[in-house]
Amino acid sequence: MPTPNSPERKRAPRLPKQAPPRVAPDEGDLDDVRVAAHDCKACPLWANATQTVFGEGPEQARIMFVGEQPGDQEDRQGHPFVGPAGQLLDRALRAAGIERGSVYLTNAVKHFKWEPRGKRRLHKKPGEAEIGACHQWLERELELVAPELVVALGATAARALLGRATPIEANRGRLMPLHGGMQVLITVHPSYLLRMPDTAREEAWRRFVQDLRIAAPFAADSRRA
Ligand code: URA
């Protein structure tokens, strides 16, 4: 099986057609990369965000979860998945038998994209250019954590990881190869469940937990030697 540095490790898909400014350092550990990401201005999103929200979790995690972008709470607090979607993810992880502290959590885009609506900041979906500009950080996280399994939460994460638009419903709930000997599991984003009508939420929750149970065996022995 290819290791992170073996010659068989395939190249990551290249996302942006036009290369964004390269700011992710090629060397250093996760903390060095986190510090460099703090000042990232590779796309315009930094200007309206409070801060860069970088990934968190053990560097030896066997599973990495990738969401879309920080939300309002994550932007204020500086940590991924601490708002309503994160709390729902926590409950789903528990139901699937996965300890949150054993996994690495990050996002495809590391700044909050939003538009004002009265006093509120409404989430805006990141575009191709922003996903492309931020890809360098995600790639560095993948290289340094080198998880065995990456869970893509929703379409933006799947797009960033696979380098192409990948329909969620047709691809969810099965292990697929990713570059570098990693595997990817696609499922829905937890905020999709938050937006559902009550009548459909129970079934959507059941399917979400069922998808996450596929990841659970990877978490069983979360720390590698
Ligand atoms: N949604 C995401 O995709 N990521 C977060 O960190 C929070 C909400």
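Start at 1 and go down the list; that is how both ligands and their atoms are numbered.
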Enquirer: Would you please name every residue forming a side chain to side chain donor-acceptor pair (under 3.5 Å) with D31, sequence neighbours left out?
Expert: R34
Enquirer: Cut-off 3.5 Å, side chains only: do Q210 and R206 have a donor facing an acceptor?
Expert: yes
Enquirer: Give me the one residue out of P190, P80, S191, P84 that meets side-chain contact (heavy atoms from CB on, under 4.5 Å) with L89.
Expert: P190
Enquirer: Give a yes or no on whether a salt bridge exists between R76 and D72, defined as a side-chain N under 4.0 angstrom from a carboxylate O.
Expert: yes
Enquirer: Any salt bridge linking K113 with E68? Criterion: basic side-chain nitrogen under 4.0 Å from a carboxylate oxygen.
Expert: no
Enquirer: With salt bridge (charged side-chain N to carboxylate O under 4.0 Å, His left out) as the test, would you mind laying out the steps for K124 and E130 before giving the verdict?
Expert: CA-CA 12 Å; K124 260 194 109 180; E130 291 136 1; over 6 Å; no
Enquirer: Do any nitrogen or oxygen atoms of ligand 1 lie under 3.5 Å from a protein nitrogen or oxygen, and which ones?
Expert:
unit_1	atom_1	unit_2	atom_2	d
ligand 1	1 (N)	Q69	O	3.4
ligand 1	1 (N)	H189	NE2	3.3
ligand 1	3 (O)	E68	N	2.7
ligand 1	3 (O)	Q69	N	3.4
ligand 1	3 (O)	Q69	O	3.3
ligand 1	3 (O)	N107	OD1	3.2
ligand 1	3 (O)	H189	NE2	2.6
ligand 1	4 (N)	Q69	O	3.0
ligand 1	4 (N)	N107	OD1	2.7
ligand 1	4 (N)	N107	ND2	3.4
ligand 1	6 (O)	F81	N	2.9
ligand 1	6 (O)	N107	ND2	3.0

